[in-house]
Each structure stands twice: as structure tokens, then as C-alpha cells.
Engineer: 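Following this message is one structure expressed as C-alpha cells.
For reference, positions follow the sequence shown, starting with 1.
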Amino acid sequence: MKIGINTFLTDEGISAPVLGRALEERGFESLFVAEHSHIPTSRRTPYPGGGDLPRMYYRAYDPFVALAAIASVTDRLILGTGVTLLIQRDVIHTANEVATLDQLSGGRVVFGVGVGWNREEMENHGTDPRTRGALVDEQLTALRTIWTEDEAEFHGRFIDFDPIFAWPKPVQRPHPPIFLGGGPAAAERAIKHGIGWIPLSMGDPSAIADQLAGFRDSGLPVAIIGGAPNPAVLDAYAEAGVERVTLTLDTIPEAESLRELDTLATFVEKYAA
């Protein structure tokens, strides 16, 4: 099982290039970064984690710019989004950004997507929260069409374009691995699209078999995000055949981040694939 890191990259935490080099030096397989374009001041949607919205949500870097900076100073580190809020994005621009990053990194991108939770944030992008599931269905299909066809076109309810030329194409063929983040509904949608699933880590090892039960028979990959450095939990995920677990690195200053990575790195060798 591969061990990576997930985090929010912001102007108040460790710099992206320093983090990338530190992860590669310590043997971590991947880095998955979160995305929020902004936080509306009039937000009514409750934070899923309960309580006040953590500070890093207000200051998140653009994931593709940050990962490009990391790509320039690393050679092996897998560069993931955990997750891109695809329903808030233009699909043609996003196809170009993902393909560009895959080209510049030599084929190291994993594209994690999600439908989000902050309704006001979605609405500011012109997205109706009530139809975001149907929207992401079309976006996922349109993205794959753009990446794999020289003259791509798509005609749907939400996404509609006549034949286009869109290069670069990704290095990875037919395209970078796609994982859909979320709970059981996301797992069902991932199976429908034939892509991977990124659920949040369970804290109780005994609950892991039930968490994955409906997805394991699909034969599609699972990558757990937000894992705690709990050997019992990690053992259970390894036994369940999970491809990757990312451990959470808090958004903290550089010196603290590096000390925390030294601690988390002890799991890398133990669970090395």
C-alpha cells in the first residue's frame, strides 16, 4: 500500500516547493492538495466537520499552480488533487490544466474530483447545488473526450460544444487516473464511470470492511484520504487491498511541518507497495 500526504497549501503554511522536496526525500509516494476558490462571507452551509470553518479553507492556493511548482523540483512524487471542485470549473480550461500538468511532470498526475459541500461557493460560480451530480457526470465524460479525441465534441444538458482542437493531451494514456471523492453516492457514481473512489478515512478499523464492501467487487481502485497515523487503521486498509492512503498534514509553518513529516515517514517503509 502506498503512503502519501494530503494537505491544504496556503500562504501561511510550508511552501509548495519545500514540501514537495521534503516528501520525495522521505519516500512518500504522493501529495494530494485541496481546492476552494473562495469562501463566501454570507456562508450558510454548515462545515461538515462541525464547528467553525478552519482557517486554511479561506486561503487555499490554486491546486494546479501549486502542483506545477512542486513538479519543477521533484522527479517521482505523484501529484494529486484531493479534490478538485470540478462543478465550479470550466471543463475545457480544466482539461487543459490537467493535461499541461501531466505533460510538465512527465505523467505524474492523479485527478481527484468532487462535487463539494459549500452551496454558496457553488452558486457564486453559477452552479446549481441541486443538479451538481448530473453536472459532474457530464463533465467527467467531456473531459475524457477532450483528452482522448483529436476533434472532441460534446452535447449535453450542461456541457455543450462543437468539435474542438485541444492540446496538449496528457502523457498518461488514455488519461490520468481519475478518482471521485465522497461517500456512498460518490462510490456508485465512480462505478458508473469506471473510475477510482476517494472516501475519507474511517477512524474505527472494524468499520473499514463495511465502508468498502459495496465498491471492492467493482475491481476499481480505492485511495483513502485523510488517514490518521493509526497502525490499526492502516493495517485494515492494507488488508482490504486499498491502493493508497494519504495521511493529513496540517497547514502549519515549515519547521513544524518538517518535524511532522519525519514522524509520518515511519509509515512509508512499513506499508511500501
Engineer: Closest heavy-atom contact between Ser105 and Leu79?
Structural biologist: CB-CD1, 3.7 Å
Engineer: Is there side-chain contact between Ile178 and Arg144, with heavy atoms separated by less than 4.5 Å?
Structural biologist: yes
Engineer: Mind checking the CZ-CD spacing from Phe154 to Gln139? Nearest 0.5 Å is all I need.
Structural biologist: 9.5 Å
Engineer: Is it true that Arg55 and Glu12 make a salt bridge, defined as a side-chain N closer than 4.0 Å to a carboxylate O?
Structural biologist: yes
Engineer: Do Phe28 and Leu264 come within less than 4.5 Å of each other through their side chains, counting heavy atoms only?
Structural biologist: yes
Engineer: Taking all heavy atoms of Val233 and all of Gly203, pick out the closest pair and write down the distance.
Structural biologist: CG2-O, 3.5 Å
Engineer: Test His193 against Asp137 for side chain to side chain donor-acceptor pair (under 3.5 Å), laying out the working first.
Structural biologist: CA-CA 8 Å; His193 286 277; Asp137 282 335; 2.8 Å; yes
Engineer: Using distance only, find each side-chain donor-acceptor pair of residues 155-162 under 3.5 Å and give its atom names and separation, not counting sequence neighbours.
Structural biologist:
| from | atom 1 | to | atom 2 | distance (Å) |
| --- | --- | --- | --- | --- |
| His155 | ND1 | Asp160 | OD1 | 2.6 |
| His155 | NE2 | Glu153 | OE1 | 2.8 |

Engineer: Any donor-acceptor pair under 3.5 Å linking the side-chain atoms of Gln211 with those of Tyr237?
Structural biologist: yes
Engineer: Which one of Val115, Thr127, Thr131, Val91 satisfies the side-chain contact (heavy atoms from CB on, under 4.5 Å) criterion with Val136?
Structural biologist: Val115
Engineer: How many angstroms lie between CD1 in Ile198 and OG1 in Thr246, if you round to the nearest 0.5 Å?
Structural biologist: 7.5 Å
Engineer: Nearest 0.5 Å, please: how far is CG in Asn96 from CG in Asp90?
Structural biologist: 10.0 Å
Engineer: Please find the pair of heavy atoms, one from Gly182 and one from Trp197, that lie closest to each other, and give the distance.
Structural biologist: O-NE1, 2.9 Å
Engineer: Knowing that exactly one of His38, His36, Arg43 qualifies, which makes a side-chain hydrogen bond (donor to acceptor under 3.5 Å, both in side chains) with Glu121?
Structural biologist: His36
Engineer: Which heavy atom of Pro168 sits nearest a heavy atom of Thr100, and at what distance?
Structural biologist: CG-OG1, 3.8 Å
Engineer: Quick one, Phe111 and Pro177 - any side-chain contact, counting heavy atoms below 4.5 Å?
Structural biologist: no
Engineer: Once rounded to the nearest 0.5 Å, what's the spacing between atom CG of Leu9 and atom CG of Leu249?
Structural biologist: 9.0 Å
Engineer: For Arg26, give me all partners under side chain to side chain donor-acceptor pair (under 3.5 Å), at least two apart in sequence or on another chain.
Structural biologist: Asp262
Engineer: Which atom names give the shortest non-hydrogen contact between Thr81 and Phe32, and what distance separates them?
Structural biologist: O-CD2, 3.6 Å
Engineer: May I ask you to list the residues sharing a hydrophobic cluster with Leu53, side-chain cutoff 4.5 Å, ordered by chain and number?
Structural biologist: Phe8, Ile39, Tyr47, Met56, Tyr57, Tyr58, Trp117
Engineer: By side-chain contact (heavy atoms from CB on, under 4.5 Å), which residues pair with Asp11, not counting sequence neighbours?
Structural biologist: Arg59, Tyr61
Engineer: As an exercise, state the distance from CG of Asn6 to CG of Leu31, rounded to the nearest 0.5 Å.
Structural biologist: 8.5 Å
Engineer: Just list the side-chain donor-acceptor pairs under 3.5 Å for residues 13-24, sequence neighbours left out, or say none.
Structural biologist:
| from | atom 1 | to | atom 2 | distance (Å) |
| --- | --- | --- | --- | --- |
| Ser15 | OG | Val18 | N | 3.3 |
| Glu24 | OE1 | Asp75 | N | 3.0 |
| Glu24 | OE2 | Asp75 | N | 3.0 |
| Glu24 | OE2 | Arg76 | N | 2.5 |
| Glu24 | OE2 | Leu77 | N | 2.8 |

Engineer: Does Arg44 have any salt bridge (Lys or Arg N to Asp or Glu O under 4.0 Å) partners at least two apart in sequence or in another chain, and if so, which?
Structural biologist: Glu120
Engineer: Can you confirm whether Ser37 sits close enough to Gln88 that some side-chain heavy atom of one is under 4.5 Å from a side-chain heavy atom of the other?
Structural biologist: yes
Engineer: Determine whether Ser201 and Ile225 make a side-chain contact, defined as any pair of heavy atoms from C-beta on separated by less than 4.5 Å.
Structural biologist: no
Engineer: Residues in side-chain contact (heavy atoms from CB on, under 4.5 Å) with Ala238, at least two apart?
Structural biologist: Met1, Tyr271
Engineer: Using the test side chain to side chain donor-acceptor pair (under 3.5 Å), find all partners of Asp204 that sit at least two apart in sequence or belong to another chain.
Structural biologist: Ser206
Engineer: May I ask you to test the Pro229-Phe267 pair for a side-chain heavy-atom distance under 4.5 Å?
Structural biologist: yes
Engineer: Taking salt bridge (Lys or Arg N to Asp or Glu O under 4.0 Å) as the test, write out the residues that go with Arg132, two or more places apart.
Structural biologist: none
Engineer: Quick one: CG on Leu180 to CG on Leu220, what's the gap to the nearest 0.5 Å?
Structural biologist: 11.5 Å
Engineer: Residues two or more places apart in sequence or in another chain: which of them pass side chain to side chain donor-acceptor pair (under 3.5 Å) with Thr94?
Structural biologist: Arg89
Engineer: Suppose we screen for side chain to side chain donor-acceptor pair (under 3.5 Å). Which residues come up paired with Asn230, at least two apart in sequence or across chains?
Structural biologist: none
Engineer: Tell me whether Thr45 contacts the main-chain N or O of Arg119 through its side chain, where contact means a donor paired with an acceptor under 3.5 Å.
Structural biologist: yes
Engineer: Checking the side chain of Ser257 only, and the main-chain atoms of Ile252 only, is there a donor and an acceptor separated by less than 3.5 Å?
Structural biologist: yes
Engineer: If I compare all heavy atoms of Lys169 with all of Ala99, which pair ends up nearest, and what's the gap?
Structural biologist: C-CB, 4.1 Å
Engineer: Would you give me the side-chain donor-acceptor pairs under 3.5 Å for residues 62-70, sequence neighbours excluded?
Structural biologist:
| from | atom 1 | to | atom 2 | distance (Å) |
| --- | --- | --- | --- | --- |
| Asp62 | OD1 | Phe64 | N | 3.0 |
| Asp62 | OD1 | Val65 | N | 2.9 |

